[in-house]
Amino acid sequence: MGNRTPHTRLGLGRRVAAVAAALALTTLAACTGQTTPGTSAPGASASPTEAPAAKTLTIAAHPELITLDPTAQAPAASAQAQLFNVYETLLKINSDGVPQPLLAQRWEVSPDGRTYTFYLNPTAKFASGKQVTAEAVVKNIDRIRTGQVDGKPVTAPDGTPVPVGAKYSTWMKVVQSATAVDPTTLKVTLTRPSNTWLYAMGDTPGLIADPDGFATLASKSAGSGPYQVKEWRKGDSLVLERNPGYWGTPGRFDTVTFKYIADPNAMNSALLAGTIDIIANEQAPDSLAQFADPARFTIVEGSTNAEVTMSMNNASPALKDVRVRRAIALAIDKKKVLDDVQAGRGTIIGSMTVPTDPYYEDLSGVNAYNPEQAKALLKEAGATDLTLRFRPANLPYATAAATDITAMLKAVGINVVLEPQPWPNWVQQVFVGKDYDLTIVAHVEARDLNTYDNSQFPNYYWGYANPAFNQLWLAADQAPREQYPDLMKKAARQLADDAASVWLYMMPNLVVTKATVTGVSQNQTTDSFDVTTIATR
Amino acid sequence: MIRSIAGRLGVFALSLLGASVVIFLACQALPGDPATALLGTSATPETIAAKRAELGLDRPLPVRYVEWVAGMLRGDFGRSFATGDSVTALIAPTLPVTGSLAALSLLLAIVIALPLGMVSALRRRHWQGGAVSVLAQLGMAVPAFWAGILLSIFFGVRLRVLPPNMYVPFAQDPVEWARHLVLPVVSLALVQAAVLIRYVRSAFLEVLHEDYFRTARAVGWTQGRALLRHGVRNAALSLVTVLGLQLAAILVGAVVVEKVFILPGLGSLLLTYADRKDVMVLQAVVMLLVLAVLVINALVEVAYVLIDPRLRAGGRA
């Protein structure tokens with residue numbers, strides 16, 4: 001008797017416990033959505049292995065790719081692993097931000113800046129063995145531009161369309177036509193001259209895939225690079241193997257593995273124990289002291305294209321007045337934010353541009369920290385009782401910076417209601433719905449200051465509308481190449497003067513490798529973590 | 001007997017059905033719209049509407065629920081929103097990982113807790129009993145993930161005797177498979193063992209005061225023999241209940257431990273896809289965990305019958 005009653009009671013209890021456990025899991029899962037990065041995936045760098053029998057290289061990265069097709073979707077994780085390693089471009093933007101020949105041996109620009117002629121390397125071929133012809137390149141440009149090849153939509157074997165990310169097709173809108181003059185000569189005509197277009201051709205939008213593989217890009221790699229995709233273990237890793245027929249200098253490794261690890265501590269432990277060779281993007285800058293021994297590890301610190309930006313909704317009544325926006329900028333001590341959030345690593349910036357941009361200028365002095373002046377400006381603008389809704393994306397760097405900034409704004413008399421938003425909510429309410437006053441997120445795309453041009457991006461969440469800026473940007477983009485940097489500087493300065501946003505700092509490129517690894521690119525100027533330059537002792 | 005079995009099955013099915021409703025609704029109530037999460041910064045009101053239609057999110061909730069349940073009955077868990085992969089194909093490779101982790105952890109917990117719990121009960125007035133109790137208290141205070149991080153740093157990074165994290169499939173290299181599982185299994189098992197020790201102790205303490213035990217001692221049996229002959233089986237009855245509960249706790253703990261040790265199991269899958277608000281995958285994984293717990297419960301009930309002959313004869317009302 002005494003034995004029976006207790007477990008009958010427990011039987012019900014256990015059923016309740018089962019459901020409770022399930023709910024707890026769901027909640028737990030919902031609460032851990034903290035790992036999604038900025039406006040797209042962060043980039044990374046690279047590195048090698050020691051020299052055992054089979055040459056392997058294991059790179060820890062985060063987040064994981066969602067599709068094998070690097071052109072399908074905005075998050076750059078697929079391009080991080082594959083651009084330059086599996087897929088190549090006509091030209092390659094090097095670590096200093098300068099275009100170099102790759103599939104094209106050289107190129108010419110017509111005097112009016114509208115026609116580019118590319119001379120392809122006749123030895124270049126895809127992993128399938130077929131030559132990279134001008135005709136193949138035309139098909140790639142057409143696909144990115146319109147989603148169509150030879151007037152027909154590209155579809156997967158199951159009949160669904162093969163998607164092209166809007167972020168990539170936007171860059172190709174300026175192309176009027178692309179034609180193959182002969183198998184190795186390609187002519188591209190633009191609707192207007194564009195300096196930024198050439199850079200886009202050296203990044204993900206310009207990657208050249210084997211047209212025969214268009215239909216299956218999401219499941220099978222079809223590049224011309226030194227590696228090809230061997231296996232994608234979903235939720236775990238992407239394994240690349242050497243392309244045996246590579247047309248250029250062969251890859252140095254038999255296999256290259258991108259191992260996806262969400263937890264920064266686990267990533268660090270794996271490198272400390274030697275089970276991985278490289279951390280492509282160190283997510284915990286304050287933990288770098290563990291890798292201080294140069295006999296065992298190398299820390300590579302450089303630049304990225306990511307501007308960590310405190311956006312101000314220029315369209316909201318409170319922030320329409322440029323004096324209020326300037327006052328907010330003046331109230332923020334960016335140095336303290338950088339120290340607190342990134343352990344001081346990164347570069348303080350003053351506009352939507354980073355040091356590897358050809359038009360970079362240090363504008364951190366514009367509206368630099370001056371709380372007294374901020375108070376005076378607020379008084380002048382009559383904004384003495386200002387309350388702002390601060391909705392940063394719920395990402396570690398953004399919430400940490402927001403906490404600092406909230407205190408700084410309160411110090412100059414601005415009331416702040418801080419409401420960090422989980423990533424999907426942030427996209428929905430802040431980015432799409434524009435329901436915010438202040439927010440923080442990293443903008444990782446290269447040369448993306450044209451997002452402030454409301455003729456190109458009419459509904460962008462900045463709410464910024466200044467025809468003068470639009471003209472400056474267009475004039476710079478269309479200008480002869482040698483005038484491009486100086487003219488684009490004017491556009492960047494206009495943004496800074498208008499305090500269109502507060503650009504806090506450039507996210508540092510932090511790569512940690514075993515000491516035996518060399519050749520890791522210091523600066524991340526494209527979406528790629530480029531393995532081709534990496535070697536191991 | 002047959003009616004009793006049919007009744008149990010009915011309760012089992014009802015529990016599953018109830019759980020499926022709760023899970024479905026909870027996943028729908030998660031903050032953020034999956035279509036928006038997928039589109040990220042390429043989201044516009046138009047692209048969101050198109051994506052929602054593509055994913056079938058524009059249809060009424062009851063329709064989607066019925067489709068989901070009907071699919072599961074056919075063994076089809078649907079497709080991931082983000083990647084279009086079959087959810088079954090995503091889950092299948094994680095089962096051996098989480099399965100071996102949970103089973104080995106429970107086994108190790110029992111191997112540790114049974115002798116220590118008995119010692120603690122028998123030697124409760126001596127220093128050994130006290131020591132075990134103190135250790136058990138300590139063990140219970142340490143969360144599994146924390147134990148995992150410490151073990152990983154100490155044995156994996158400092159001493160470098162075991163891999164600090166990651167996984168090697170059994171089929172690829174059984175030795176490496178075992179080496180990679182040692183630390184995660186130990187970190188899960190230690191905490192569970194600490195809990196279990198206390199139950200073992202009290203179960204055996206109870207036995208020590210039973211009439212049949214005193215009788216056995218009175219006819220001259222040693223304490224150890226009396227315990228083995230009469231004690232273990234009686235104590236087992238309440239311990240099996242606890243073990244069923246603990247296996248559920250281990251499954252939940254595995255989610256966190258898998259993250260610490262980067263094991264590609266069910267827990268890692270759950271967290272990765274929660275991040276992407278991939279509701280189809282989440283629903284399936286949580287449903288599977290609930291199913292596992294319910295099956296364990298059923299097995300526990302079977303175990304009662306095997307252990308206790310009194311239940312076999314008459315059955316229960």
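Fair warning: this is a prediction, and the values are worked out from it, not measured in the lab. Letters A, B, ... mirror the listed sequences (proteins, then strands); counts begin at 1.
- There is no contact between B/P34 and chain A, counting heavy-atom distances below 4.5 Å.
- Scanning both residues, B/N165 and A/A266, for their nearest heavy atoms gives ND2-O, 3.0 Å.
- At a threshold of 4.5 Å between non-hydrogen side-chain atoms, the residues B/P45 and A/V432 count as touching.
- At most 12 heavy atoms of other shown residues, nucleotides or ligands fall within 6.0 angstrom of atom CZ in B/R158.
- Residue B/D85 holds its CG atom at 6.5 Å from CH2 of A/W232, rounded to the nearest 0.5 Å.
- Counting heavy-atom pairs under 4.5 Å between each of B/A249, B/S238, B/P164, B/S80 and chain A puts B/P164 at the top.
- Atom OH of B/Y199 has 12 or fewer neighbouring heavy atoms from other residues, nucleotides or ligands inside a 6.0 Å radius.
- If you take CE on A/M267 and CD1 on B/I262, they are separated by 8.0 Å, rounding to the nearest 0.5 Å.
- Neither the backbone nor the side chain of B/S268 comes within contact range of chain A, judged by heavy atoms closer than 4.5 Å.
- For the residue pair A/A262 and B/K259, the shortest heavy atom distance occurs at CB-NZ, 4.2 Å.
- The parts of A/E64 that come within reach of chain B are both its backbone and its side chain, each placing non-hydrogen atoms under 4.5 angstrom from that chain.
- Annotation: maximal heavy-atom pairing with chain B below 4.5 Å, among A/N265, A/T160, A/D263, A/I261, occurs at A/I261.
- Within the 4.5 angstrom heavy-atom criterion, only side-chain atoms of A/D236, from C-beta onward, approach chain B.
- For the atom pair CG of B/L90 and NZ of A/K234, the computed distance is 6.5 Å after rounding to the nearest 0.5 Å.
- With a 4.5 angstrom heavy-atom cutoff, B/L263 does not touch chain A via any of its atoms.
- Between the OG atom in A/S269 and the CZ atom in B/F261 there is a gap of 9.0 Å [rounded to 0.5 Å].
- For chain B, the nearby part of A/L65 is the backbone; its heavy atoms alone come within less than 4.5 Å.
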